[in-house]
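I have placed the structure first, in the form of structure tokens, so that the comments after it can refer back to it.
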Amino acid sequence: MKHLFKALADFQQEVPVIHKATQSYGYTYADLPKIFEVINPLLKKHGLGFTQLINGTQIATCLFHIESGESIESKIDIPQGVILKGMNEFQVLGSAITYLRRYSLSSMLGLVTDKDTDASGEQIKVEPKKPLIDNKRFEEALVAIQNGKYTVDQLKNGFELTEAQTKSLLLC
Amino acid sequence: MLKIRCSALGKLMTAPRSKAETLSKTAKSYIQELVLEHKYEIKKEFSSKYTDKGLQCEDEAISLVNDVLGLGFIFKNEEHFNNDWITGTPDVNTDEILLDVKCSYEAHTFPFFEDEIPNSAYFYQLQGYMWLTNKTEALLCYCLVNTPVEIVEDEVRREHWKHFKIDEDLEIREYVEKKHNFDHLPDLSKVKVFKVERDETVIWEIQNKVEEARIYFNSLIETI
């Protein structure tokens with residue numbers, strides 16, 4: 001196995017962290033095309049190849065060294081009888097296969113996938129906030145407060161105020 | 001004593017098939033749900049992408065209505081009202097204005113050209129609110145605001161499944177995102193207002209229907 005292990009170790013030294021394929025709305029995982037795009041040239045460089053055969057209810061991921069024929073294999077069961085809302089049987093199966101292929105391959109090659117913090121900055125999931133209030137509406141709210149139809153507390157509790165809005169509220 | 005939520009008045013007020021009946025099948029089904037809830041705490045939870053959008057976009061819709069209608073400052077009402085027959089929480093209830101917002105899921109369900117309220121259930125809902133708040137008129141405001149990102153993402157996935165696509169197809173994504181974005185429309189076109197005037201006859205009918213509902217409710221409570 002020395003050829004395969006050496007090639008795999010060399011591959012791992014070179015393969016970068018694969019950033020999650022973030023589109024405008026931010027997908028949360030590195031999908032197969034993204035993974036292939038990164039690993040295929042490096043696998044070729046190090047004389048490695050892989051197959052992911054579906055045998056019955058299993059996916060067998062096989063990594064091989066082209067010249068020596070050495071290989072390692074891992075198998076994973078495809079969950080059966082899973083029902084997902086809004087999907088027919090074939091869609092569930094397709095979804096499961098893609099999912100397992102992605103994770104089996106990543107695991108076998110030691111890939112690391114992470115958020116893309118370079119392209120769009122660190123994306124932090126924020127808790128739902130109070131709505132913002134634009135300045136025009138804020139002015140109207142101040143008038144309502146002055147007329148006794150609304151209160152400062154209601155305004156503070158109902159909206160996420162900007163610094164400037166908070167300051168002008170203090171002057172009220 | 002059984003009280004009916006304003007948002008459910010549409011179900012209660014559905015006309016029965018024959019004159020011999022006092023409650024429609026829809027009304028009876030709704031009361032049966034209330035019986036189960038009351039007696040065994042079996043609650044029918046209902047949520048969908050449509051209701052999710054409505055809830056998530058409520059603040060934005062009120063803000064849009066505020067901008068477009070120029071009604072002075074309006075804000076989300078938090079007070080829950082009830083009388084001896086009905087209960088409800090209108091979206092906006094200031095001294096002058098009573099209104100409820102409805103966020104259309106997509107452009108095709110937004111009543112651009114309608115002259116009358118497309119869904120009669122909302123008419124009864126607003127009559128209920130006027131009864132509760134002692135107002136003489138109310139506004140039903142349909143709003144067309146962008147669908148929240150999470151819901152759009154669900155739609156993107158659903159559209160992929162529909163086309164048997166596993167990996168992302170940018171054309172599908174663009175198609176869905178475009179369908180749920182209305183930034184290119186002027187604000188004025190994104191709000192459709194129906195004015196509803198208080199109708200004492202309708203309120204009297206609601207009251208009677210709630211009485212009928214109670215009779216049916218009590219009869220069911222005894223049988224299960």
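When reading the values below, keep in mind they use all heavy atoms of this one structure, side chains included, and skip hydrogens, waters and symmetry mates. A, B, ... follow the sequence lines: proteins, then strands. Residue 1 opens every chain. All values derive from a computational prediction rather than experimental measurement.
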Taking atom [atom1] of [X] as the centre, does the number of heavy atoms from other residues, nucleotides or ligands within less than 6.0 Å exceed 12?
{"X": "Lys43(B)", "atom1": "NZ", "value": "no"}
{"X": "Tyr175(B)", "atom1": "OH", "value": "no"}
{"X": "Ile42(B)", "atom1": "CD1", "value": "yes"}
{"X": "Lys135(B)", "atom1": "NZ", "value": "yes"}

Return a table of donor-acceptor pairs under 3.5 angstrom between the side chains of residues 8-15 of chain A and protein atoms on other chains or two or more places apart.
from: Asp10(A); atom 1: OD2; to: Lys6(A); atom 2: NZ; distance (Å): 2.9
from: Gln12(A); atom 1: NE2; to: Leu109(A); atom 2: O; distance (Å): 3.0
from: Glu14(A); atom 1: OE1; to: Lys45(A); atom 2: NZ; distance (Å): 2.8
from: Glu14(A); atom 1: OE2; to: Lys45(A); atom 2: NZ; distance (Å): 2.7
from: Glu14(A); atom 1: OE2; to: His46(A); atom 2: NE2; distance (Å): 3.1

Side-chain donor-acceptor pair present, [X], [Y], cut-off under 3.5 Å:
{"X": "Lys53(B)", "Y": "Thr147(B)", "result": "yes"}
{"X": "Asn135(A)", "Y": "Gln165(A)", "result": "yes"}
{"X": "Lys136(A)", "Y": "Asn66(B)", "result": "no"}

Practice task
Anything in residues 94-103 of chain B with a heavy-atom distance to chain A below 4.5 Å? Please list those residues in order.
Solution key: Asp95(B), Glu96(B)
Exercise for the section: State the NZ-CD distance between Lys49(B) and Gln56(B), to the nearest 0.5 angstrom. Expected result: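 These two atoms lie 14.0 Å from each other.
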Practice task
Drop me the distance from Glu73(A)'s CD to Thr51(A)'s OG1, to the nearest 0.5 angstrom.
Solution key: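 One finds 7.0 Å between CD of Glu73(A) and OG1 of Thr51(A).
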Completion exercise
Under 4.5 Å to a heavy atom of chain A? For Ile62(B) that would be both
Between [X] and chain B, which part of the residue has a heavy atom less than 4.5 Å away: side chain, backbone, both or neither?
{"X": "Glu139(A)", "value": "neither"}
{"X": "Phe159(A)", "value": "side chain"}
{"X": "Ile97(A)", "value": "neither"}

Problem - side-chain hydrogen bond (donor to acceptor under 3.5 Å, both in side chains) contacts touching residues 103-123 of chain B (sequence neighbours left out) - result: Tyr105(B)-Glu155(B)
Handout entry: Toward chain B: residues of residues 54-65 of chain A with heavy atoms under 4.5 Å
Key =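 Contacts with chain B: none.
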Problem - Validation row, ring centre Tyr142(B) to ring centre Phe194(B) under 6.0 Å - result: yes
Problem - Contact leader toward chain B among Ala141(A), Gly94(A), Pro33(A), where contacts are heavy-atom pairs under 4.5 Å - result: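 So the answer, after comparing Ala141(A), Gly94(A), Pro33(A), is Ala141(A).
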